[in-house]
Amino acid sequence: MDIAFVITLFIIGVIGSFISGMIGIGGSVINYPMLLYLPPLVGVMSLTAHEVAGIGAIQVFFATISGVWTYRKSGFLHKKLIIYRGSSIFISSIAGSYFSQLISEKGMNYIYGVLALIAVIFMFTAKTKQEDVADREVTFNKWLASSLAFIIGGISGILGAGGAFILVPIMLSVLNIPTRTTIASSLAITFISSMGTVMGKVGTGQVLFVPASILIIASLLASPLGAHLGQRVNAKFLQWLLALFILATALKIWIGIV
């Protein structure tokens, strides 16, 4: 592994982690296509889809830790929402990450492409609720939240993602959660999901630890900065920014598939 590859990984990690902290995602929606396409584009070592998913799982775990820590005193971490969605997504993410070894690279890219397009549709149609409301005033359908989280966890476990890139739009448009509560709580839920995903990926030998460690360092540096900025930026702007990022990565994946 040469220095050019290390620098490339670090830059990818900084970009993905900064965005993850700012808009409440684990970063895989950004890192997955960048790790897949950017290294060979600049002439360094390329990674397979399974290797990207394994590295991404580790990166998401550490990016969400630092992101949640930044939001701990913000008042936007909704405990009941985190408990209901987190417990469901943890179980299914373990299963998804374990069985991902049986799926082809093209199949993994196809799954990512479909999920990304669904997420974009949700994001562009989501209606934002009042932003500054007390934690106790935020209500949601507990069984619907748990069921959707279970499904998302299994699929995101396959991709090595925490699932926030689909969790966020569903929380906004289906569960009707305010944007800032969604951003903060999704980081906590994604952290729980990433624990299950990492267990499955490591257990099946799908993680390259040296490249993953580079992204960990980048995550710990950049994610808190993004989270701090996210608390000061207009919530609607954050929602549209996330939608545009997901759309761009979805298009890139589909171009690669066809």
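Keep in mind that what you see is a predicted model, and the values were worked out from it rather than measured.
In this structure, Y84 places its OH atom where only 12 or fewer heavy-atom neighbours from other residues, nucleotides or ligands lie under 6.0 Å away. More than 12 heavy atoms of other residues, nucleotides or ligands shown are found within 6.0 angstrom of OH on Y37.
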Requested in this report: Begin with the C-alpha distance, continue with both residues' side-chain angles, and end with the deciding distance and a verdict on side chain to side chain contact (heavy atoms under 4.5 Å, CB included) for K201 and S100.
Outcome: CA-CA 8 Å; K201 294 293 184 185; S100 64; 2.8 Å; yes
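Taking CG of L215 as the reference point, atom CD1 of I55 lies at 7.0 Å (rounded to 0.5 Å). How far CD1 of I189 is from NE2 of H78: 10.0 Å, rounded to the nearest 0.5 Å. Rounding to the nearest 0.5 Å gives a distance of 12.5 Å between OG of S93 and CD1 of I155. Atoms CD and NE2, from Q101 and H50 in turn, are 8.0 Å apart once rounded to the nearest 0.5 Å. Atom CG of N176 sits about 13.5 Å away from atom CD1 of I170, to the nearest 0.5 Å. Summarising the geometry, atom CG belonging to N109 is positioned 5.5 Å from atom CG belonging to L36; distances are rounded to the nearest 0.5 Å.
A donor-acceptor contact shorter than 3.5 Å links the side chain of S88 to the backbone of S146. S92 places a side-chain N or O within 3.5 Å of a backbone atom of G154 that can act as its donor or acceptor partner.
No path of Ile, Leu, Val, Met, Phe, Trp and Tyr side chains, each step under 4.5 Å between heavy atoms, connects V174 with W143, placing them in separate hydrophobic clusters. W69 and M195 fall into different hydrophobic clusters, defined by Ile, Leu, Val, Met, Phe, Trp and Tyr side-chain heavy atoms under 4.5 Å apart, directly or through other members. In terms of hydrophobic clustering, with Ile, Leu, Val, Met, Phe, Trp and Tyr side chains grouped at heavy-atom distances under 4.5 Å, V207 and F99 are assigned to different clusters. Both I3 and V44 belong to a common hydrophobic cluster when Ile, Leu, Val, Met, Phe, Trp and Tyr are linked at side-chain heavy-atom distances under 4.5 angstrom. Connection of I103 to L47 is established within a shared hydrophobic cluster, with ILVMFWY side chains joined at heavy-atom distances below 4.5 Å, either directly or through further cluster members.
The side-chain heavy atoms of R85 and F90, taken from C-beta on, include no pair separated by under 4.5 Å. The shortest side-chain heavy-atom distance between L167 and I89 falls under the 4.5 Å cut-off. Residues S156 and S193 meet the side-chain proximity criterion, which asks for heavy atoms closer than 4.5 Å. Looking at L172 and I177, their side chains never come closer than 4.5 Å, going by heavy atoms from C-beta outward. F61 is not listed as a side-chain neighbour of T197, based on a closest heavy-atom distance of 4.5 Å or more. Contact annotation: the side chain of M171 approaches that of S185 to within less than 4.5 Å [non-hydrogen atoms, C-beta and beyond]. Taking 4.5 Å as the limit, some side-chain heavy atom of I65 sits within range of a side-chain heavy atom of F191. You'll find the side chain of L38 reaches within 4.5 Å of the side chain of V42, heavy atoms only.
Of all heavy-atom pairs between S194 and A57, the closest is CB-O, 4.4 Å. Taking every heavy atom of both residues into account, Y112 and L159 meet most closely at CA-CD1, 3.8 Å. Of all non-hydrogen atoms in A145 and L175, the two that sit nearest each other are CB-CD1, 3.8 Å.
By the ring-ring contact (aromatic ring centres under 6.0 Å, His included) test, Y98 pairs with no residue at all, sequence neighbours left out. In this view, T204 and Q206 satisfy the side chain to side chain donor-acceptor pair (under 3.5 Å) rule, not counting sequence neighbours.
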Side chains of residues 5-15: which donor-acceptor partners sit under 3.5 Å, not counting sequence neighbours?
unit_1 : atom_1 : unit_2 : atom_2 : d
T8     : OG1    : A4     : O      : 2.7

